[in-house]
Amino acid sequence: GVWRQTRALLFKNCLVKCRTKKSSVQEILFPLFFLFWLILMSMMHPHKKYGEVPDTHLGTLDTSLLVNFVIGYTPPTSMAREIMKKVAFDNFEDGIITEEYLSEEELQEASAFKPSNFVGVVFNDDMSYQLRFPDSVTMSSVYVESR
């Protein structure tokens with residue numbers, strides 16, 4: 001039955017491995033070679049461990065840069081409204097103009113027609129968000145992700 005077929009298959013595989021010694025040795029040595037190569041590369045480029053950076057006072061914010069600054073946000077939930085209210089009035093004397101939009105598409109359309117001092121905020125949930133900048137803002141070449 002099953003045991004006889006399994007034994008015959010194992011015997012056949014042993015015969016194939018004995019007859020093709022070159023490929024059998026390659027099957028064993030190539031992974032060992034790549035493992036050695038990985039270890040060698042990791043030893044040549046060790047991980048850098050950076051120490052802690054002490055807290056420093058960054059000074060006051062130049063609010064003249066934020067004149068007529070517009071922040072659009074979506075979706076207009078109660079938590080988003082509360083967060084944007086704190087952003088607009090708690091940190092700046094004059095306040096920042098905030099506008100709410102019903103969808104992300106409306107936010108993108110508004111950013112196309114607004115001046116270059118428009119920033120969009122898309123709230124994923126109560127604890128995370130994504131920023132949307134107009135095309136005139138230069139994006140970093142180090143960290144590229146879908147906008």
Side-chain angles (χ1 to χ4, degrees), residues 2 5-6 9-10 12-14 16-147:
V2 175
Q5 287 179 351
T6 305
L9 184 62
L10 285 173
K12 182 192 103 172
N13 286 339
C14 287
V16 169
K17 291 292 180 191
C18 290
R19 291 179 183 163
T20 58
K21 288 184 171 110
K22 184 178 177 183
S23 66
S24 298
V25 169
Q26 286 176 350
E27 285 179 9
I28 294 170
L29 290 182
F30 275 143
L32 291 176
F33 170 74
F34 288 123
L35 179 64
F36 171 74
W37 187 255
L38 279 172
I39 292 171
L40 183 67
M41 293 301 289
S42 69
M43 291 172 70
M44 288 175 59
H45 301 286
H47 296 291
K48 293 181 182 178
K49 293 186 179 179
Y50 298 101
E52 291 183 12
V53 178
D55 292 338
T56 57
H57 181 64
L58 298 176
T60 59
L61 178 65
D62 184 13
T63 56
S64 65
L65 298 172
L66 299 176
V67 174
N68 297 327
F69 197 73
V70 180
I71 300 177
Y73 65 95
T74 188
T77 61
S78 61
M79 181 62 79
R81 286 185 188 108
E82 184 179 326
I83 291 171
M84 296 311 290
K85 185 174 126 184
K86 281 185 178 279
V87 167
F89 296 110
D90 290 354
N91 299 320
F92 307 101
E93 298 97 24
D94 299 336
I96 295 177
I97 302 167
T98 59
E99 299 175 354
E100 64 181 44
Y101 295 94
L102 296 176
S103 67
E104 192 171 347
E105 290 78 23
E106 286 184 22
L107 181 74
Q108 288 174 347
E109 288 176 17
S111 69
F113 296 112
K114 298 283 181 179
S116 62
N117 58 352
F118 180 86
V119 173
V121 180
V122 179
F123 288 95
N124 299 329
D125 54 33
D126 291 342
M127 300 300 286
S128 65
Y129 61 90
Q130 293 178 342
L131 296 176
R132 302 284 193 255
F133 295 98
D135 292 332
S136 62
V137 175
T138 307
M139 298 302 287
S140 170
S141 61
V142 176
Y143 182 73
V144 178
E145 186 180 45
S146 173
R147 293 182 64 203

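Listed by chain and residue number, Pro76, Glu106 satisfy the side chain to side chain contact (heavy atoms under 4.5 Å, CB included) test with Leu102 (two or more places apart in sequence, or in another chain). Partners of Asp125 by side chain to side chain contact (heavy atoms under 4.5 Å, CB included), not counting sequence neighbours, listed by chain and number: Met127, Ser128. Legend: residues meeting side chain to side chain contact (heavy atoms under 4.5 Å, CB included) with Phe33, ordered by chain and number and at least two apart, are absent. Partners of Ile28 under the side chain to side chain contact (heavy atoms under 4.5 Å, CB included) rule, at least two apart in sequence or in another chain, are Leu32.
Nearest heavy atoms, Pro75 versus Ala80: O-CB, 3.6 Å.
With values rounded to the nearest 0.5 angstrom, Lys12 atom NZ is found 12.5 Å from Gln5 atom CD. Interatomic distance, Phe118 CZ to Leu107 CG, rounded to the nearest 0.5 Å: 5.0 Å. The NE2 atom of His45 sits 9.0 Å away from atom CG of Leu40, with the distance rounded to the nearest 0.5 Å.
Note on residues 70-81: pairs passing salt bridge (Lys or Arg N to Asp or Glu O under 4.0 Å), not counting sequence neighbours, are Arg81-Glu100. For residues 22-36, the set of pairs meeting the salt bridge (Lys or Arg N to Asp or Glu O under 4.0 Å) definition, not counting sequence neighbours, comprises Lys17-Glu27.
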Practice problem: May I have the step-by-step check of side-chain contact (heavy atoms from CB on, under 4.5 Å) for Val121 and Leu131, ending in yes or no? | Solution: CA-CA 5 Å; Val121 180; Leu131 296 176; 3.8 Å; yes

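Within a 6.0 Å radius of CZ in Phe123, other residues, nucleotides and ligands contribute more than 12 heavy atoms.
In this structure, Tyr101 and Val122 have side chains that are not in contact, with every pair of non-hydrogen atoms separated by 4.5 Å or more.
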